[in-house]
Amino acid sequence: MGGFCLWRRWSRVVIKKGGEQDIEKVRHSAAHVMAEAVQSLFPGTKFGIGPAIEDGFYYDFELPRALTAEDLPLIETRMAEIVASGVPFVREEMSRGEARALFAAQPYKLELIDEIPEDKLSVYRQGAFVDLCRGPHVANTRDIKAFKLINIAGAYWRGDEHRPMLQRIYGVAFHTEKEIEEHLARLEEAKRRDHRKLGKELDIFTFDDDVGPGLPLWLPNGAAMIEEIEKLAVETEFRHGYVRVRTPHLAKEDLFRRSGHLPYYEESMYPPMELEGVRYYVKPMNCPMHHRIFGSRPRSYRDLPLRLAEYGTCYRYEKSGELFGLMRVRSMQMNDSHIYCMEKQFEEEFAGVIFLYLEYFKLFDIKEFAMRLSTHAPGGLGKKYVNNPELWLKTEEMVRKALDHNHIPYYEVADEAAFYGPKIDVQIKSVIGREFTLATNQVDFAQAERCGLTFVNEEGKEERPLIIHRAPLGTHERLIGFLLEHYGGAFPVWLAPLQVAVIPIADRHLDYARSLATQLKSDGIRVKLDARSESVNYKIRQAQLEKAPYMLVVGDREVAASTISVRLRTGEQLPSQPFESFREMLRTIIATRSGDLR
RNA sequence: GCCCACAUAGCUCAGUCGGUAGAGCACAUUCUUGGUAAGAAUGGGGUCAUCGGUUCGAAUCCGAUUGUGGGCUCCA
């Protein structure tokens, strides 16, 4: 598993290793300087918190008016003055009472002061500005060499949506101006790779106001990709012993009540519709339906493990502000499966799923991801989580064992589990830097009981199956969103919406070009014949922009010799060759889902 | 859902102090038949997101709604 990296902690680790532990101090100090600047420009400002973060810092303020983009340069200028004045950062220690007196006009600081367990509190002073802070800081404001304020955003105090919304200013800070420029250039590059931009340029998907937010429409190019991905899933899951099922998009209220979705998941569900006195819900997950398939006849331990798979379409009512391109939508098609097994089969099944993930990630050349074990929090029992503390602890331990025995690295986060059990989420980052769960592998000890699922064991007694929910390819929406960014739109041949562009040089080459296109089409290749009376340059440019892996340019020479000239998407030119040899190569590359072009 | 910003042709964007809309690309037609990232001309295309208000007059000012974006919260 080379290339595996837990980038959650990555930046910190790298910094420490590289002997650059100072940069965090610089960023944190920059936050203090920004706070001082804001205080001097907006007297009466109430301060929240201002930590260092990846690439920079932020500080939360309660201000008399809303900030605008025009305020940032003013704040920056003030900061530059403070930096240039070369004021030292001075640490002072004091008692809780002294701190309370010092921050008497700062309600947010008072709240923090009261929650600090130690009796000795520390504050840092630079010039006229003093802030409650653990430190450490740089010695002098002059040590802050390069910073820039980036944007303004709203943020709830202490991340709690029931508490006041403060105004947050984000900044970046590095040791040198050059690093800032490089960082901004990286952001620009990220914008070019943004799946929303590429998805539009490559005609993959669109959103329509009349259809609704978060409800993507797949254009022909996107639909072609979806079909390839489903083909991949069907073949792979068949090899791994899954059987396929199909289920409706709706079910009666009672099903979701028994499964636990209505008590624990209702706020993410579309409201019910009522017909002939019966309430129906659109499904937010496929599991209840699959559980009914499991329960559709008596099951023996000999039937287990039973692996039911379906690319099921689900609908979740995500809050409007949470929608994000294809990465966060309201209708989604999931690479779903539920594995019903005995407890003694659990470890093997669970590990099998993890290895299935790794198989897929290798295929897609996905190297930057992290496996996150999400566990429950005792405080959420009966609210967010099914109330069965023993089973939570037991299944969490089972998952840890399954991971450890297979030497699979992971990190653990409490209070992130599904309502029915712990899970392993595979975390990836969008090119914008936002983190998403791409795939998931969840244990479910609750629904079998809630839904009354049993099997007859070796002793002829009824027993509850354990259930594993898994979606290694996540949803089409998020996977394709991710792959767009991951490949920058230049997909491997098998996945590329347009695989071959046939480009005749002049009209007299059209017949030959057409016969090539027809033959490729009969091989199932997605081919486009560009028959327009445009220049060769123009047609090649078009094919390049569409990121066609292959361009077949045919003119007098090719017609005369019955050959083709192949230009790769990389700009590379293959030697002139008989059409049949290209056709053969293409067949192999697609059949093996190779990432290479030749 | 919350804070802030934005919404002009299919796409990317101009549009000054309010005086009934422009460019490039794309598309269509014609000319051109050109050998590896844009040949030329002509043409069609916009209720300036929607609704309301201010004004003699609104793309422009104000309000609401819808949608999008940056965050927060939440998540596949």
Side-chain angles (χ1 to χ4, degrees), chain A residues 58 60 63 66-69 71 150-170 194 196-197 200-201 203 206-214 265 267-268 284-285 314 316-330 332-336 374 384 416 418 423 425-428 432 434-440 442 469-479 481-482 501 503-510 532-545 551-558 565-569 571-573:
Chain A
Y58 69 78
D60 290 343
L63 294 163
L67 291 169
T68 69
D71 292 318
I150 296 296
N151 60 358
I152 306 161
Y156 297 111
W157 168 237
R158 315 206 81 178
D160 184 340
E161 61 180 319
H162 304 295
R163 310 210 56 186
M165 177 153 287
L166 306 179
Q167 298 190 66
R168 175 174 297 178
I169 302 178
Y170 283 95
D194 188 318
R196 293 167 295 186
K197 184 172 158 70
K200 194 181 275 183
E201 285 170 3
D203 282 320
T206 186
F207 287 96
D208 186 292
D209 289 357
D210 289 336
V211 175
Y265 202 73
E267 64 171 31
S268 297
M285 296 186 196
C314 297
R316 296 184 186 172
Y317 195 81
E318 306 290 352
K319 293 186 201 164
S320 56
E322 291 163 354
L323 302 174
F324 177 70
L326 279 184
M327 303 303 256
R328 195 73 184 280
V329 292
R330 286 178 173 162
M332 68 207 84
Q333 219 174 337
M334 292 175 36
N335 171 226
D336 213 354
S374 302
K384 284 168 76 173
E416 290 282 338
K423 59 178 179 172
D425 288 326
V426 179
Q427 301 299 107
I428 51 102
I432 299 301
R434 211 178 289 188
E435 183 179 331
F436 287 96
T437 300
L438 182 64
T440 186
Q442 315 179 342
H469 303 234
R470 47 109 275 186
L473 295 175
T475 62
H476 283 322
E477 288 72 19
R478 195 168 281 179
L479 180 68
F482 171 77
I503 299 175
I505 287 174
D507 289 351
R508 64 179 176 281
H509 311 123
L510 249 175
R532 295 176 298 176
S533 61
E534 294 287 352
S535 67
V536 179
N537 277 346
Y538 182 84
K539 291 193 256 194
I540 284 177
R541 178 178 154 81
Q542 291 302 309
Q544 282 293 149
L545 292 176
M551 285 153 248
L552 307 190
V553 180
V554 294
D556 289 335
R557 293 201 293 269
E558 287 73 22
S565 159
V566 183
R567 178 195 161 103
L568 304 181
R569 176 169 64 195
E572 193 181 351
Q573 189 71 33

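Just so it is clear, the values below take in all heavy atoms, side chains as well, and ignore hydrogens, waters and symmetry mates. In what follows, chains are A, B, ... by sequence order, proteins preceding strands, each numbered from 1.
Between B:rG35, B:rU33, B:rA26, one nucleotide has an atom nearer to the side chain of A:A506 than all others, and that is B:rU33. Comparing B:rG35, B:rA38, B:rG67 by their nearest atom to the side chain of A:D209 picks out B:rG67. Between B:rG1, B:rA76, B:rC4, one nucleotide has an atom nearer to the side chain of A:A66 than all others, and that is B:rC4. Considering only the side chain of A:R196, B:rG70 comes nearest among B:rG34, B:rU73, B:rG70.
Atoms CG and CD1, from A:L63 and A:I169 in turn, are 7.0 Å apart once rounded to the nearest 0.5 Å. Note that OG of A:S268 is 8.0 Å distant from CE of A:M285, once rounded to the nearest 0.5 Å.
Rounded to a whole Å, the NE2 atom of A:H469 is 14 Å from the C1' atom of B:rA76. Straight-line distance from the CE atom of A:M551 to the P atom of B:rA37: 9 Å, rounded to whole Å. If you measure from atom CZ of A:R328 to atom C1' of B:rC72, you get 13 Å, rounded to the nearest angstrom. When the C1' atom of B:rC3 is taken as reference, atom CG of A:N151 falls 13 Å away, rounded to whole Å. Following rounding to the nearest Å, A:L545 (CG) and B:rA37 (P) show an atom-to-atom distance of 12 Å. Rounding to whole angstrom units, CZ of residue A:R330 and C1' of B:rC74 are separated by 13 Å. In this structure, CE of A:M327 is placed 14 Å from P of B:rA76, rounded to the nearest angstrom.
With both pairing distances under 3.5 Å, B:rG46 is matched to nothing as a Watson-Crick or G-U wobble pair. For B:rC75, there is no paired base (Watson-Crick or G-U wobble, both distances below 3.5 Å). Remark: B:rU33 base-pairs with no nucleotide in the shown strands. Criterion, Watson-Crick or G-U wobble with two distances under 3.5 Å. In a base pair of the Watson-Crick type (N1 to N3 plus N6-O4 or O6-N4) or a G-U wobble (N1-O2 and O6-N3), with each distance short of 3.5 Å, B:rU54 is matched with no nucleotide. Across every strand in view, B:rG10 sits in a pair with B:rC25 that passes the Watson-Crick or G-U test at under 3.5 angstrom. Of all nucleotides present, only B:rC4 satisfies the Watson-Crick or G-U wobble test against B:rG69, with each distance under 3.5 Å.
Taking atom C1' in both B:rA59 and B:rG18, one finds a spacing of 10 Å when rounded to whole Å. The C1' atoms of B:rG71 and B:rA14 are separated by 30 Å, rounded to the nearest whole Å. Rounded to the nearest Å, the gap between the C1' atom of B:rC6 and that of B:rU12 is 16 Å. Taking atom C1' in both B:rG44 and B:rA5, one finds a spacing of 35 Å when rounded to whole Å. Distance check on atom P: B:rC48 versus B:rG43 gives 24 Å, rounded to whole Å. For the P atom pair drawn from B:rG15 and B:rG22, the interatomic distance equals 15 Å after rounding to whole Å. If you take atom C1' in B:rC3 and the same atom in B:rU8, they sit 27 Å apart, rounded to whole Å. Separation of the C1' atoms belonging to B:rU20 and B:rG46 is 13 Å when rounded to the nearest angstrom.
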Exercise for the section: Give the C-alpha distance, both sets of side-chain angles, the deciding distance and a yes or no for side chain to side chain contact (heavy atoms under 4.5 Å, CB included) between A:L326 and A:R196. Expected result: CA-CA 7 Å; A:L326 279 184; A:R196 293 167 295 186; over 6 Å; no
Practice task
Decide side chain to side chain contact (heavy atoms under 4.5 Å, CB included) for A:R508 and A:D556; before the verdict, give the C-alpha distance in whole Å, the side-chain angles of both, and the deciding distance to 0.1 Å.
Solution key: CA-CA 9 Å; A:R508 64 179 176 281; A:D556 289 335; 2.9 Å; yes
Exercise for the section: I would like to know whether A:Q427 and A:T437 meet side-chain hydrogen bond (donor to acceptor under 3.5 Å, both in side chains); could you show each step before the answer? Expected result: CA-CA 5 Å; A:Q427 301 299 107; A:T437 300; 2.6 Å; yes
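Distance alone, capped at 3.5 Å, is enough to place a donor-acceptor pair between the A:R470 side chain and the A:N335 backbone. Between the side chain of A:E477 and the backbone N or O of A:Q333 there is at least one donor-acceptor pair closer than 3.5 Å. Side-chain atoms of A:E318 never come within 3.5 Å of backbone atoms of A:G214 as a donor-acceptor pair (strictly under, hydrogens ignored).
Backbone-only engagement by A:A155 is indicated by non-hydrogen atom pairs under 4.0 Å involving sugar-phosphate atoms exclusively. Within the 4.0 angstrom heavy-atom criterion, base atoms lie near A:E534. Residue contacts shown for A:M334 are absent, as no nucleic acid heavy atom lies under 4.0 Å away. Counting non-hydrogen atoms under 4.0 angstrom, A:Q573 reaches a base of the nucleic acid. A:N335 comes within 4.0 angstrom of no nucleic acid atom, judged by non-hydrogen atoms across all strands. Using a 4.0 Å heavy-atom criterion, one finds that A:E558 contacts the bases of the nucleic acid, with or without backbone contacts as well. Residue-level contact check: A:R508 touches the backbone only, with heavy atoms under 4.0 Å from sugar-phosphate atoms and none from bases. A:I503 comes within 4.0 angstrom of nothing in the nucleic acid, heavy atoms only. In this structure, A:Y170 reaches the sugar-phosphate backbone alone: every heavy-atom distance under 4.0 Å involves primed, P, OP1 or OP2 atoms, never a base. The residue A:G159 sits close only to the backbone: its heavy atoms come under 4.0 Å of sugar-phosphate atoms, none of a base.
Between A:Y538 and the phosphate of B:rA26, there is a side-chain N or O to OP1/OP2 separation shorter than 4.0 Å. A:S533 has no side-chain polar atom (N or O) that falls below the 4.0 Å cut-off from OP1 or OP2 of B:rU32. In terms of phosphate contacts, A:R567 brings a side-chain nitrogen or oxygen within less than 4.0 Å of OP1 or OP2 of B:rA37. Checking the phosphate oxygens (OP1, OP2) of B:rC2, no side-chain nitrogen or oxygen of A:R168 falls inside 4.0 Å.
Counting atom types as modelled, A:Q544 pairs no side-chain N or O with a base atom of B:rA38 as donor and acceptor under 3.5 Å. Between the base of B:rG1 and the side chain of A:Y156 there is a donor-acceptor pair shorter than 3.5 Å. Between the base of B:rU33 and the side chain of A:S535 there is no donor-acceptor pair shorter than 3.5 Å. A donor and an acceptor atom never sit less than 3.5 Å apart when one is taken from the side chain of A:E322 and the other from the base of B:rG71. Donor-acceptor pairing under 3.5 Å, judged by distance alone, is present between the side chain of A:D507 and the base of B:rU33.
A:K539 pairs in a side-chain contact (heavy atoms from CB on, under 4.5 Å) with only one of the listed residues (A:Q544, A:M551, A:E534), which is A:E534.
Map A:T437 and A:R532 each onto its nearest nucleotide of RNA chain B; the residue landing nearer the 5' end is A:R532. Mapping A:V553 and A:L166 onto RNA chain B by nearest heavy atom places A:L166 closer to the 5' end of the strand.
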N/O-N/O pairs, protein side and nucleotides 5-12 of chain B side, under 3.5 Å:
{"residue": "B:rU12", "atom": "OP1", "partner": "A:K200", "partner atom": "NZ", "Å": "3.3"}

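A:V566 and A:Q573 get closest at one heavy-atom pair: O-NE2, 3.5 Å. The minimum heavy-atom distance between A:A153 and A:Y170, with the atom names listed, is CB-CE1, 4.1 Å.
Using a 4.0 Å cut-off between charged nitrogen and carboxylate oxygen, A:E322 and A:R316 do not count as a salt-bridge pair.
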